[in-house]
Number of protein chains: 2
Amino acid sequence: MVSTSRTRVTLKDIAAHAGVSRSTVSLVMQESELVAGATRKRVQEAAAALGYVYNRGAATLRSSRTATVGVVVHDIANPFFGALMAGIDETLQAADYIPFLASSGDSLDRQARFLARMREHRVDALLLCPAEETPASSIEAIADWGMPCIEVMRHVGQSPLGDYVGADLRTGVINAVRHLVTQGHRRITLLAGIADHSADRERLAGYRYAMHEAGLDGLSSVDRGPLTRCAGRERTLALLRGATAPTALICHNDLVALGALLALSHLGLRAGQDCAVVGVDDIEEAALAEPALSSIATHPRAIGRNAAELAMKRIGHPEGERQRIVLEAPLVIRASSRISSAVAQEST
Amino acid sequence: MVSTSRTRVTLKDIAAHAGVSRSTVSLVMQESELVAGATRKRVQEAAAALGYVYNRGAATLRSSRTATVGVVVHDIANPFFGALMAGIDETLQAADYIPFLASSGDSLDRQARFLARMREHRVDALLLCPAEETPASSIEAIADWGMPCIEVMRHVGQSPLGDYVGADLRTGVINAVRHLVTQGHRRITLLAGIADHSADRERLAGYRYAMHEAGLDGLSSVDRGPLTRCAGRERTLALLRGATAPTALICHNDLVALGALLALSHLGLRAGQDCAVVGVDDIEEAALAEPALSSIATHPRAIGRNAAELAMKRIGHPEGERQRIVLEAPLVIRASSRISSAVAQEST
DNA sequence: GCTCCGTTTTGGATCGATCCAAAAAGTGTC
DNA sequence: GACACTTTTTGGATCGATCCAAAACGGAGC
């Protein structure tokens, strides 16, 4: 039963109704162990009877915990970040936290505005996929504010300054190169992005390491360009028409790789047979592409979960040691990188 | 220059520094026209000098405006909702509002918990894609709380109770049927979802209307099942192996339609030539599928923008007349539904 | 110099919770 | 029944802004 009174119900009203003090009601609302069972029950019933709504704003003013976090991604329309966000949301819901969300569109200005707003709202932590070109000073400033910040997927600077959760793309790419070399490939091109950020550098480092390991330094070739599906198609067409066409492609992400598959089919070539293609992310679409796309699985949902869990931990222990969680990014081999695609078994 | 003092800067500190009263500083923070230009400038400089951070929690306590809204979607990992959210975010950023986000996973319980939290946080408005089976009473309850609520894409009950923004799927499906009939199809099957919600009913209504119009009532056939890509593939295989196989499919969304394309290619059939396929949503992938997929374009980003704009308007005029914004959902015809796919021009 | 009137500025009360030190109630012992 | 000790409960101060009615200011007109 809910009160129909127009004036708002406060702790004071509940206190009067239950015959206790405001302080006691407050303790009940905070689920404190201090208050006796019978009293707790009486207060809860009074709250329900009056249709009480907890006022988090008022609580925040005094206690400075908000049970909210801020999440910044580059583009929530990108399925990768959708999945990441789903993982974050999942963990936060379990912990009774609520996320503010902003898409930065990789714009420093929008990112800065959102961060300022988060500070005004006094979020308990930030989960940040830093926009390109974010200076280290921004991350330091956030730390100065006393606000825990978890960098996700990308980090600024050569190595993460504070907490970080990402995928081991370096090892992933190394495995991809080794796999391709085993299949007899030597001309392996990396289709990278234009921007120079940590996630990009990691792929590159893995690529160079593995090519060197295989004695293929001389054949290393990195193609830089935009990272959309269309761009993937165009870039692949250009590469294959070149004088020294590659026989295998490692693409920055699955969208680019799917574009590459389109290019191959356009040229009447068969992916896997005529030119191997490996993507990154292992989005849902990869397994269902024709032919099925090999991909380095980054498990965005798991990364989101881990990042949110780390945030919860950091809120509890602000001064604890910083953590760097790097999740495995296993290579999922499918038809697009197998010479004998007749053997259609999937390896993980 | 930023103060290094450990204690937080408040309006009182700024007032002292600028030689005015708290009230005046408050007015400056609210960008009020009342305060004289020179004073405003002095206050702003003082605020900057002291490194002031506006405390929205405190402001909310008194004024009950929060500059936040709550957004509920079913599954943020679904690219459709990602795009929707991107549209919402875009509009909100322009208006200096910030969204809380939750994925309900179509669970009434999770939805209810999130809504309760939003009430505690006193968001200024809600953008809600109601979970399946949401009772009308929930929407009414939100209205009772005095919280503006915009239903997005789906609405509870036979027609929207309050503000609503969606796509005109009924007309979209009618156009699809007419298009298919023009191409000579008669056995046109609708691949629908299992749940009975407004967006589903609209598709069905359009389908029945158009089939009747074409004198094909007797051939109407609605297949109900899950809405994933895999399910789309399996359902299509089952249909085509049936005694009276359809020659055209209208799929609940593009994921199902892409599954249908996989099924056709698996059977060695050519989409467009042997069996026409039309999807709904026109996601990015549709245009790049092989063959390119015809689709009813729902423009999620535009819907998101409109919904957020309506929310902003409703916050300003809570008692204004309720609006129902239904955006056009034009049929985009591509190769997957054209008999003569040689003529590869795209119509919008 | 004084009144009138529009523009600026102000102090005190207020929003609704939490914090804290101290009071009250309850338990067990001798 | 007094004592020490633990478990519960309490009132007042407090967080940092906004609201509002009233005061101060400043220029025009007489």
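Residue numbering restarts at 1 for every chain, and letters A, B, ... go by the order of the sequence lines. Computed from heavy atoms alone, side chains included, the values below leave out hydrogens, waters and symmetry copies.
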Would you mind reading off the distance between A/Q30 atom CD and C/dA17 atom P, rounded to a whole angstrom? 11 Å
Rounded to whole Å, please give me the gap between CG in A/L34 and P in C/dA25. 18 Å
Quick one: are B/F81 and B/C129 in side-chain contact, heavy atoms under 4.5 Å? yes
Judged by nearest nucleotide, the residue sitting upstream toward the 5' end of DNA chain C, A/L61 or B/R40, is B/R40
NA contact type, A/S63, heavy-atom cut-off 4.0 Å: base, sugar-phosphate, or nothing? sugar-phosphate
Rounded to the Å, how far apart are A/Y54 OH and C/dC15 C1'? 15 Å
Within less than 4.0 Å of OP1 or OP2 of D/dT10, is there a side-chain N or O belonging to A/S21? yes
A/S23 near the nucleic acid: base, sugar-phosphate alone, or nothing, with a heavy-atom cut-off under 4.0 Å? base
Under the side-chain contact (heavy atoms from CB on, under 4.5 Å) test against A/I88, which residue among A/I150, A/V152, A/V71 passes? A/V71
The answer to which of B/K12 and A/T24 contacts DNA chain D further toward the 5' end, by nearest nucleotide, is A/T24
Could you tell me the separation between the CG atom of A/D13 and the C1' atom of C/dA17, rounded to a whole number of Å? 13 Å
Whole angstroms only, please: what is the CE-P distance between A/M29 and C/dT18? 9 Å
A/R8 CZ to C/dG16 C1', in whole Å, measures 9 Å
Let me know the distance between CZ of A/R42 and P of D/dT9, rounded to the nearest Å. 8 Å
Examine D/dA17: is either OP1 or OP2 under 4.0 Å from a nitrogen or oxygen in the side chain of B/S26? Give yes or no. no
Quick one: label B/R56 by what it contacts on the DNA or RNA (base, sugar-phosphate, nothing), any heavy atom closer than 4.0 Å. nothing
Option passing side chain to side chain donor-acceptor pair (under 3.5 Å) with A/D163 (candidates A/Q323, A/R324, A/R314): A/R314
If each of B/E33 and A/N55 is mapped to the nucleotide of DNA chain C with the nearest heavy atom, which maps nearer the 5' terminus, i.e. the 5' end? B/E33
Just how far, in rounded Å, is P of D/dG11 from CG of A/L27? 13 Å
From CE (A/M29) to CZ (A/R22), nearest 0.5 Å: 13.5 Å
For A/Q93, the option from B/R117, B/R113, B/R110 that meets side chain to side chain donor-acceptor pair (under 3.5 Å): B/R110
Looking at every strand, decide which applies to B/T39 at a 4.0 Å heavy-atom threshold: base, sugar-phosphate, or nothing. sugar-phosphate
Nucleotide nearest B/L11 (side chain, heavy atoms from C-beta), chosen from D/dA17, C/dT10, C/dG16: D/dA17
So for B/R22 and C/dG12, does any side-chain atom that can act as donor or acceptor lie under 3.5 Å from a complementary atom in the base? yes
